[in-house]
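Heads up: the structure comes next, in structure tokens.
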Amino acid sequence: MSSSSLYRRLRGLFNHSPSSAPRFNKPNPSPPSSATNKPNKSTAGPASAATPPNAERRLQNLVKNFIKRSESALFRRRKGTYDSTVRRLATHKKFSMIEEIIEAQKKYKDIKDEGFAIRLIMLYGKAGMFSHARKLFDELPELNCERTVKSFNALLASCVNSKEYDQVETIFREVPQEVSIEADVRSYNIVISAYCEMDALDKAILFFNAMEKTGMEPDLVTFNTLLTAFYKRGQFLEGESVWGMMESKNIAPNIISYNARLQGMVQEKRIQEGIGLLAEMEEKKIEPDVHSYKALIKGFCEDGDLEEAKKWYNKLKENEITPNKSIYGTLLPFLCEQGDFEFGLQLCREAIDNQLFINVAEVQRVVDGLVEVSKIEEAKDLVELCNSKNYLNFNLELPQTST
DNA sequence: CTAGGGTTAG
């Protein structure tokens with residue numbers, strides 16, 4: 001099938017769908033729109049729900065230390081520290097502190113490096129402070145920082161990260177003209193992913209088509225964005241269309257593409273096809289990962305097939321993949337439902353070995369089940385094991401038994 | 001600077 005007929009097919013799908021007006025998600029619940037922090041509610045009354053004084057002081061110290069430490073050039077390369085500090089401040093809605101930290105970075109020569117500037121723009125975006133991101137972007141020339149499509153993309157991504165969805169299109173359309181920058185494939189990908197996040201897949205496809213019309217070639221990321229969006233929402237046929245389009249363009253799917261399709265197949269109850277897809281991945285030397293196995297395990301759990309679910313869990317282990325919390329979260333309730341508490345016990349022990357945060361209710365269910373089948377010693381061991389782990393913060397108890 | 005992902009808060 002030619003690529004253009006696939007395009008028509010896909011477009012057709014959308015023309016006939018009950019296409020609705022673009023739906024914008026609610027704006028960020030607390031987008032700081034001005035440069036100043038809102039005064040705390042605590043001023044309105046006695047010690048209420050606002051940041052407690054101790055926490056407030058800790059955060060102030062955090063900011064002070066951060067600014068002090070950022071005098072060191074070595075420190076300024078530590079992206080992770082910047083990320084985690086801003087994330088922490090953002091969860092406490094300390095936007096003026098974030099501004100303080102980021103503005104303090106502008107006095108270092110690093111700001112002439114576009115990469116550094118991009119990091120700061122992205123930090124504002126992740127904190128939900130898009131207007132600050134925009135301001136910094138506008139200031140780059142006077143800070144002697146070269147401004148290319150990369151910082152434009154950072155600005156656009158910040159817009160999406162701050163969930164200022166209604167601004168994305170305007171930014172995409174207007175900023176390049178204002179500053180003589182040309183959008184690239186990444187710019188398009190960011191806008192497409194924004195539409196997908198908004199659940200406006202019809203707009204995503206329209207934009208995808210528009211992109212093609214300008215002669216811009218979609219890449220692997222473009223396709224993965226669309227594949228994930230369709231398959232995740234159970235629009236399997238549309239996903240398959242996109243997959244076919246990707247093939248016709250000779251873009252080789254990677255693990256992300258395959259996992260998206262695998263999840264789509266499982267959702268469609270086409271588990272056997274999914275197993276076939278996993279085999280295809282292996283043939284192509286794209287090693288299935290924890291998410292690939294998770295898809296199959298989930299499928300078999302939903303199918304009530306205990307043997308197959310356990311089988312795929314064992315295959316995951318054979319391939320030396322470390323299960324994550326989602327594997328246990330999928331399997332444990334199912335094992336309890338099926339009365340396989342021994343296997344449940346084994347999984348709990350493993351999860352704890354791996355220091356995973358498992359769900360207390362799930363573990364309690366295993367404990368109760370073990371007692372029900374008179375495996376009192378095992379139940380007791382599990383209770384003690386869990387309660388002894390500080391990180392879990394559990395306080396499990398053995399259910400009463402009639403002796 | 002763009003794609004998925006079962007995550008603490010400090």
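Proteins get letters first, then strands, A, B, ... in listed order; numbering begins at 1 in each.
- The CG atom of L120(A) sits 11 Å away from the P atom of dC1(B) (whole-angstrom rounding).
- K112(A) pairs by the side-chain hydrogen bond (donor to acceptor under 3.5 Å, both in side chains) definition with nothing, not counting sequence neighbours.
- Among the protein residues, N254(A) comes within range of the nucleic acid bases, having at least one heavy atom under 4.0 Å from a base atom.
- Summarising the geometry, the separation between CZ on F230(A) and P on dA3(B) is reported as 17 Å, rounded to the nearest angstrom.
- Across the protein-nucleic acid pair, F172(A) atom CZ and dC1(B) atom C1' stand 14 Å apart, rounded to whole Å.
- When rounded to the nearest whole Å, the span between CG of L140(A) and P of dC1(B) equals 14 Å.
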Sugar-phosphate atoms are those with a prime plus P, OP1 and OP2; base atoms are the rest. Using that split, label each nucleotide of nucleotides 4-10 of chain B B, S or - for protein heavy atoms under 4.0 Å, 5' to 3'. BBBBB-B
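- We find that CG of L220(A) is positioned 12 Å from P of dA3(B), with the value rounded to whole Å.
- Ring-plane geometry between Y82(A) and F75(A) is classed as tilted, the angle between the planes lying from 30 to 60 degrees on a 0 to 90 degree scale.
- In this model, no side-chain donor or acceptor of D219(A) finds a partner on the base of dA3(B) within 3.5 Å.
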L220(A) vs M246(A), side-chain contact (heavy atoms from CB on, under 4.5 Å): CA-CA, chis, key distance, verdict: CA-CA 8 Å; L220(A) 179 61; M246(A) 180 169 66; 4.3 Å; yes
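- Distance, Y124(A) OH to dC1(B) P: 17 Å, rounded to whole Å.
- Partners of D110(A) by side-chain contact (heavy atoms from CB on, under 4.5 Å), not counting sequence neighbours, listed by chain and number: R76(A), Y108(A), F116(A).
- Side-chain polar atoms of E169(A) and Y195(A) form a donor-acceptor pair below 3.5 angstrom.
- In this structure, CD1 of I121(A) is placed 12 Å from P of dT2(B), rounded to the nearest angstrom.
- Between F152(A) and R147(A) the shortest side-chain heavy-atom distance does not fall below 4.5 Å.
- Here dT2(B) presents its C1' atom at 9 Å from CG of L156(A), a figure rounded to the nearest Å.
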